[in-house]
There are 2 protein chains.
Amino acid sequence: MATMKDVALKAGVSVMTVSRVINSPDSVKSETKNKILSAMNDLKFHPNYAAKALVTNRTRTVHLLIPNQLETADPYLMTLIAGISDVLSKNYYAFLLRREWDSHYKCDGVIAMGLNEEEDQQLLEKMNIPCVLFGDTNLSIDCINVNDQKGGYDMTNYILQNGHEKIGIIVIDEDNTFPVKRYNGYQQALRDNDIPFNPNYVRYSNNTEGDGFTKALELLESTDITALFCLSDVLALGALRAAREVGKVVPKEISIAGFDGVLFDQVAEPHLTTMKQPVYEIGQALASELLTRIENPFKKVTKKLFDPKIMIRNSTSKLNKD
Amino acid sequence: MATMKDVALKAGVSVMTVSRVINSPDSVKSETKNKILSAMNDLKFHPNYAAKALVTNRTRTVHLLIPNQLETADPYLMTLIAGISDVLSKNYYAFLLRREWDSHYKCDGVIAMGLNEEEDQQLLEKMNIPCVLFGDTNLSIDCINVNDQKGGYDMTNYILQNGHEKIGIIVIDEDNTFPVKRYNGYQQALRDNDIPFNPNYVRYSNNTEGDGFTKALELLESTDITALFCLSDVLALGALRAAREVGKVVPKEISIAGFDGVLFDQVAEPHLTTMKQPVYEIGQALASELLTRIENPFKKVTKKLFDPKIMIRNSTSKLNKD
DNA sequence: CTGAAAGCGCTTACAG
DNA sequence: CTGAAAGCGCTTACAG
């Protein structure tokens with residue numbers, strides 16, 4: 001591998017000037033610069049990042065802080081990581097997953113997710129390197145999130161537009177803001193369409209197929225809903241099973257909608273209408289944002305929301321009320 | 001961050017001896033060693049990998065060579081990468097995805113996949129660093145693969161044991177060895193059970209739900225098969241749809257089996273019997289193997305096969321013939 | 001078993 | 001606009 005010294009020798013300049021061409025090309029006379037650039041080209045010069053890292057204290061490595069309670073084999077997280085790694089790799093940044101808060105190993109920046117408010121605060125205080133958060137916070141941290149409120153609103157609106165007025169909802173019962181936001185969206189859409197809110201149509205559920213099944217069964221047996229909005233696809237799968245259990249044909253007799261859309265564009269089954277989160281794109285955005293922040297530590301803090309989009313799988317899943 | 005110099009000062013030794021404690025602890029008198037270890041502990045010393053990288057020419061970074069035709073957002077690949085990153089991250093190795101054969105950036109090792117024979121050869125010749133291959137080759141490269149032959153054999157055997165004798169098969173029509181191996185397993189199982197092979201029961205198909213549907217339809221309409229072994233889950237989904245299309249109840253009138261099992265342990269639907277590949281574990285093994293090879297470049301070449309396992313989703317998917 | 005010197009390939013001040 | 005010197009935190013020979 002050619003070094004800067006080799007390039008300097010070939011171009012007849014000092015190593016320092018070669019370094020300048022790389023780091024602040026404008027400060028070099030263009031004639032000199034061209035000489036050096038062609039020497040770099042001839043020698044196939046590529047900087048030794050280890051040497052650079054040693055002196056600049058930058059490693060060209062990014063850490064993904066993923067709390068232990070998140071399962072890395074989860075498709076949602078894997079898709080996110082795929083998006084992140086796509087952008088990082090293209091920029092020759094390596095990355096490593098970090099399951100613990102502390103690390104004695106250097107990195108240039110951190111992408112964090114699944115933190116509560118207290119931890120957001122910690123992130124701001126303890127990390128003295130660039131951070132980007134997948135989530136929401138009022139603190140001065142770059143963050144990117146899904147617009148859950150809008151997702152809940154748009155889906156409810158869509159169901160209403162298909163002629164349903166009695167819309168059940170299964171809310172995820174977790175200490176997290178996203179189910180609340182989706183639920184708020186549902187309520188707002190009802191208000192905007194002058195449809196009364198019926199608390200009997202609401203169930204809280206653990207985010208599992210099994211509990212979704214149970215809660216959907218309750219709604220199907222005890223109410224006259226004609227549509228059911230499940231705040232995750234996992235719940236929706238349980239609801240589909242519950243519909244089969246009570247012999248209601250989907251979507252003729254009961255329309256079922258989910259939320260997430262992570263797996264379901266890969267799998268043909270089940271034919272579920274859902275709110276697809278742009279997870280891969282969010283991953284890409286997290287990485288881009290972090291790299292921008294690393295380049296420019298004093299730039300204004302960014303807050304971005306990505307809209308989820310309704311995804312209708314096929315004709316059999318249309319929410320039309322006959 | 002404390003450096004080796006700080007540790008040396010505190011322990012009253014030279015930097016060199018601190019370095020020895022890290023790299024060849026046996027060469028240091030245990031008394032000295034303990035003094036140094038406790039100094040390292042007090043100062044929370046952790047080596048600066050950039051400095052180490054510079055002098056040892058090792059980067060603590062691994063490249064994943066993923067040919068461009070492979071989609072990184074594919075669940076199979078994401079699961080594999082999750083397994084790989086799990087092990088690498090635990091060992092503080094960063095990694096980056098590499099879509100092109102050439103890289104001017106240093107790394108300590110490469111995990112490659114999806115290569116043809118010619119490329120395997122290239123891998124051996126061009127890379128002068130440790131490599132591990134996800135796949136098969138007779139060349140002197142560490143490799144890890146799925147035992148596809150056994151997967152095909154075991155599934156066929158299982159279907160036979162459930163009383164079926166007329167077993168259709170949809171083979172993936174790709175320039176790749178794995179469908180052939182699975183198909184061979186099918187044929188071998190038939191022979192071992194003295195069941196005649198019927199070429200009319202065989203269809204070749206693109207690995208898509210749509211083509212799976214078409215080919216399954218052909219088999220269901222033109223033959224008397226009572227079971228259908230699809231060499232991928234995607235094909236099996238098409239087959240399930242074809243069964244619905246012709247009004248055959250699964251599994252009462254037609255049993256359907258797939259192969260892969262990547263998504264289907266996450267999703268409750270569809271209830272499909274399949275051969276689950278241990279993809280996450282394979283990813284972990286690829287990374288472990290590479291790290292071992294990096295530590296010990298002259299060790300014997302390893303060839304490992306992972307057995308896929310039959311996964312029966314639930315009672316409705318049992319392959320029992322009434 | 002331990003240490004003093006040189007150097008890995010860059011960048012950061014400082015000169016000119 | 002360009003260069004000579006020093007140093008980042010380690011390891012590799014070489015001594016003793």
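Numbered from 1 within each chain, the chains take letters A, B, ... in sequence-line order.
- Rounded to an integer number of Å, the gap from B:Asn23 CG to C:dC1 C1' is 16 Å.
- Across all strands, B:Val13 comes closer than 4.0 Å only to sugar-phosphate atoms, never to a base (heavy-atom distances).
- When rounded to the nearest whole Å, the span between CG of A:Asp6 and P of C:dG9 equals 8 Å.
- Counting to the nearest Å, the P atom of D:dC10 and the CD1 atom of B:Ile36 are 13 Å from each other.
- Residue-to-nucleotide proximity on DNA chain C shows that, of B:Thr17 and B:Ala51, the 5′-proximal contact is made by B:Thr17.
- Phosphate proximity of C:dC10 to A:Lys5: absent, as no side-chain N or O sits under 4.0 Å from OP1 or OP2.
- Rounded to an integer number of Å, the gap from CD1 of B:Ile22 to C1' of D:dT12 is 15 Å.
- Whole-Å rounding puts the B:Met4 CE to D:dT12 P distance at 11 Å.
- A:Lys126 and A:Glu119 are not joined by a salt bridge, as no carboxylate oxygen comes within less than 4.0 angstrom of a charged side-chain nitrogen.
- Rounded to a whole Å, the CZ atom of A:Arg20 is 15 Å from the P atom of C:dG16.
- Annotation: the span from B:Arg60 atom CZ to B:Asp108 atom CG amounts to 8.5 Å, rounded to 0.5 Å.
- Figure legend. C:dA4 is base-paired to no nucleotide; pairs are counted as Watson-Crick or G-U wobble with both atom distances under 3.5 Å.
- Per the geometry, OH belonging to B:Tyr49 stands 21 Å off C1' belonging to C:dG9, to the nearest Å.
- Counting non-hydrogen atoms of neighbouring residues, nucleotides and ligands closer than 6.0 angstrom, the CG atom of B:Asn68 exceeds 12 such neighbours.
- The CE-C1' distance, from B:Met40 to D:dG9, rounds to 15 Å in whole Å.
- The side chain of A:Thr32 places an N or O atom within less than 4.0 Å of a non-bridging phosphate oxygen (OP1 or OP2) of D:dT2.
- Distances shorter than 4.0 Å separate some side-chain N or O of A:Ser14 from OP1 or OP2 on D:dG3.
- Shown are A:Lys300, A:Lys304, A:Lys299; of these, the side chain to side chain donor-acceptor pair (under 3.5 Å) with A:Thr302 is made only by A:Lys299.
- Closest-nucleotide positions on DNA chain C for B:Ser30 and A:Val55 were compared, and the one nearer the 5' end corresponds to B:Ser30.
- Taking only side-chain nitrogens and oxygens, B:Ser19 comes nearer than 4.0 Å to OP1 or OP2 of D:dT11.
- Taking CE of A:Met4 as the start and OG of A:Ser14 as the end, the distance is 8.5 Å to the nearest 0.5 Å.
- Between B:Met16 and B:Asn48, the residue anchored closer to the 5' end of DNA chain D is B:Asn48, taking for each the nucleotide with the nearest heavy atom.
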